[in-house]
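So you know, we letter chains A, B, ... as the sequences are listed, proteins then strands, and number each from 1. Computation of the quantities below employed the complete heavy-atom set of this structure, encompassing side-chain atoms and omitting hydrogens, waters and symmetry-equivalent molecules.
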Amino acid sequence: MMVSIVEALVGLFVFPGFLFLFLFGLLFQGMNRKLIARLQGRYGPPIIQPFYDFFKLLGKENIVPKNANAFWFNVAPIIAVASVVTLMLYIPVGYLGPLSPVLPSGFGDLIVILYLFALPAIALIIGASASASPYAAIGAQRELSMLISYEFPLAIAIFALAWRAGTFDMGELFATQPWTLGGPLNAIGFLLILLTALSVIPGKVAVGAFNIPEAKEEIAGGPLVEYSGRNLALFELAHYMKMFVISAFIVALFLGAPISPLIGMSGFSAIVVDVIWFLFKVFIVIFFTVTLVAAVTARLKITQAVTFYWFVVDALAIVGLILIAADYFFFTGVM
Amino acid sequence: MSEVIRKGYSEFVRIPIGPIHPALHEPYYFFFELEGEEIKNVWIESGGVHRGMEALALNRNYLQIIPIAERICGICSNSHPLAYTMAVEDAAGIEVPERAQYIRVIAQELERIHSHILWAGLGAHAIGLDTAFCYLWCLREDVLDIWELLFGGRVTHAVNWIGGTKKDIKEEDIPKILKMLKNLRKALPEVVDAFLYDPTIVRRLRAGTLTKKDALRLSALGPTARGSGVKKDVRWGYGPLAYGDLRDDYGYKPIIHQDGDVYAKTYVRLMEIEQSIDIMEKALDDLPSGPYRAIEGKTPKVIATLKKVKGAEGIGRHEAPRGEVIHYVRMEGGEGPYRWRPRAPSLNNNFTLPAMLVGCQVADIPIVVASIDPCFSCTDRMTFIDENHRKFVLSYDELIKISREKTWGDA
């Protein structure tokens, strides 16, 4: 499928690319903050507070520490934002149709997505290592430890789905509902896989129990400790966009069913309804995996967090995988 | 800490924490040597917030020192003036009326409740659980309202007066206090449940062990000592004020825990909130009638009485929420004391920190530092600088010599 230049540019910068992600990333972060505040018995900031913060930071002085490697220090936040925006281009926002497949050959590869998901964290590590601060160094160490702990369960979850659906194409995976691929055993297996994928989100977004790399009470913001002004604004933006994108990714893979066929709509209005329905699901996922986790858990130590992902979440994923395989080999049979 | 340590070679990673850091609420300097996340060595350095309290007091009379003593610590703002008035009363031989002693006990226990709730909130914040912080500080608001109702101030309470208290407790206020205590008692089990049984919180609180031996060697005080199994509580050991009566009549005893880690200290503090509620209820029940001041009349009368005392020394000991507060007063006639020397419990407790922190992880630093409920600015009494305005450190013997000279002249 060929895509025109205009279509590609609109896709990259407007929908579902930068502008869309910018609006909903910051908006969902605002809602997240407001809900955490309400759960804690506070009033909380206005919902559009992240927008205020972002534009205020853009106008602030951008300080580069004396001993820092200025090139990598300045480039890291741009890599972070760029990688998150690129990720969004692979994710179907609730429908498959005009403006949705912006890449020349369908939606491209799940493996590319998996690697792209590691990029924001790696950008943060690069930026932290370039900033010549002991706190940032500790933060970078912790970010790396978190990366190796949550990537494995996420990979198991994704490959279980890809194997069962028989494709790595994001568009086809979006159209497939993993629950319907086999018998009840398969459905239970995918429920466990979904739980695994959901429990990766707080680690990726670094909230609540997994707010270990940034840990403001311990290492004063960790990787971001030396960042200010425009660079900090970009890192914060990348962070909120990442929260949106990882949730959207999980929703598109596991909970992607559109609502328009159910209520018998078609054409442009169906797309609008599907996008809203998709955003609603993303919001629900963010509420349970980010807001609630941030409100009710205490921060773990890095060793405890790694143990949690390697033993608890991995065990969950592997049990899910075994159930799916059992269903495939004993009940559903080879297709 | 010397420049040699700071600049010399080391095989470990070195990070400074402080004087300004989110984990610390007051200026203090920690210098860590790390291997990965594990702490290998710690040095601490105080002296960041010397406020010259004692120098301020030299130009003031006995009653004007009470507000200064109140401002030594924002949280123990009743313990310090209380210990000061006890020291003056001890030196001048003033017998405090029984009613005043009971009012002081009530005020003191109210302070303990408020301080321990505040601590639990800060502890929760140190491990990143801001929800508990918000709920606990909400509970504390009710206690502050009672302070306002009884004595007029939420943070600086102005309870104490030499020879008694500044204000009396009115009969019609007692039901309101009891109601607040009842509500608090109802809300408390939830807090205890969260701190002592919630898996993520307990996992974080199992850190920073202070052994009983170390606690005795470093003469730790208050919940820091009691969390290590040392039975040390001025209220029940020495029995000042009406505590003697309460101990004998109701059999209260210090709350201790043997583990010595942050969890143990948390246990001690949370149980003490409950004990303090009990004590307050009993004290309000038993509140005797009679005068609430030993010296009738206003400021000039009190000053005139104290002016007559010459060549007397007094010690005021009291159990603040953080440990034992000692105030020393020497009276040589005149409108104010010749020498006033307060000692806050954090002075002892701060030096238990290196013993607790070695072997912990970086992630444990905020909660372990918070576990002694440090009050860094309360402890700073002096800073030595040479002619180039550089700080220097005095040895133990030099310090003793200088203190003796300051107190007794050239002895």
Side-chain angles (χ1 to χ4, degrees), chain A residues 32-33 35-44 128-129 132-146 199 202 206-222 224-226 291-308 312, chain B residues 12-18 20-25 30-39 120-139 141 194-195 198-208 262 266 360-370:
Chain A
N32 177 30
R33 277 180 70 178
L35 283 169
I36 291 177
R38 297 307 299 158
L39 286 169
Q40 292 179 342
R42 294 187 284 121
Y43 282 101
S129 312
S133 158
Y135 294 141
I138 295 174
Q141 260 175 34
R142 291 178 171 193
E143 183 80 43
L144 205 56
S145 310
M146 285 304 284
S199 54
V207 290
F210 307 105
N211 183 11
I212 300 166
E214 279 158 29
K216 70 177 188 297
E217 290 89 7
E218 292 160 20
I219 47 172
L224 298 177
V225 68
E226 293 292 347
T291 312
L292 273 188
V293 171
V296 303
T297 54
R299 185 186 300 115
L300 292 172
K301 290 184 215 172
I302 185 72
T303 45
Q304 293 166 344
V306 173
T307 314
F308 173 75
V312 181
Chain B
F12 301 117
V13 175
R14 301 173 145 193
I15 59 161
I17 293 222
I20 308 295
H21 189 276
L24 308 170
H25 304 285
F30 292 85
F31 191 75
F32 291 99
E33 283 191 343
L34 307 175
E35 188 174 30
E37 287 255 336
E38 200 191 328
I39 298 166
L122 288 179
H125 177 68
I127 54 173
L129 187 64
D130 286 347
T131 310
F133 166 78
C134 290
Y135 275 105
L136 282 160
W137 280 46
C138 187
L139 279 183
E141 281 301 304
F195 274 92
D198 182 274
T200 51
I201 300 180
V202 171
R203 239 177 253 186
R204 287 308 308 276
L205 296 184
R206 288 290 182 192
V262 181
T266 313
C360 289
Q361 293 189 8
V362 176
D364 295 324
I365 295 172
I367 182 68
V368 172
V369 171

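- Heavy atoms closer than 4.5 Å to chain B are found in both the backbone and the side chain of A/A295.
- Here the closest heavy-atom approach between residue A/P202 and residue A/V293 is recorded as CB-CG1, 4.0 Å.
- The parts of A/L300 that come within reach of chain B are both its backbone and its side chain, each placing non-hydrogen atoms under 4.5 angstrom from that chain.
- With rounding to the nearest 0.5 angstrom, the NZ atom of A/K301 is 10.5 Å from the CD1 atom of B/I367.
- In this structure, no portion of B/A132 lies under 4.5 Å from any heavy atom of chain A.
- The contact between B/I127 and chain A is made by backbone and side chain atoms together, counting heavy-atom distances below 4.5 Å.
- When the side-chain contact (heavy atoms from CB on, under 4.5 Å) test is applied to B/Y135, the partners found at least two apart in sequence or on another chain are B/T131.
- Both the backbone and the side chain of A/A220 come within less than 4.5 Å of a heavy atom in chain B.
- Contact annotation: the side chain of B/F30 approaches that of B/V369 to within less than 4.5 Å [non-hydrogen atoms, C-beta and beyond].
- Contact count against chain A (heavy-atom pairs under 4.5 Å) is highest for B/D130 among B/D198, B/L24, B/D130.
- Partners of B/L34 according to the side-chain contact (heavy atoms from CB on, under 4.5 Å) rule, which considers only residues two or more places apart in sequence or in another chain, are A/I138, B/V13, B/I15, B/F32, B/I39, B/V362.
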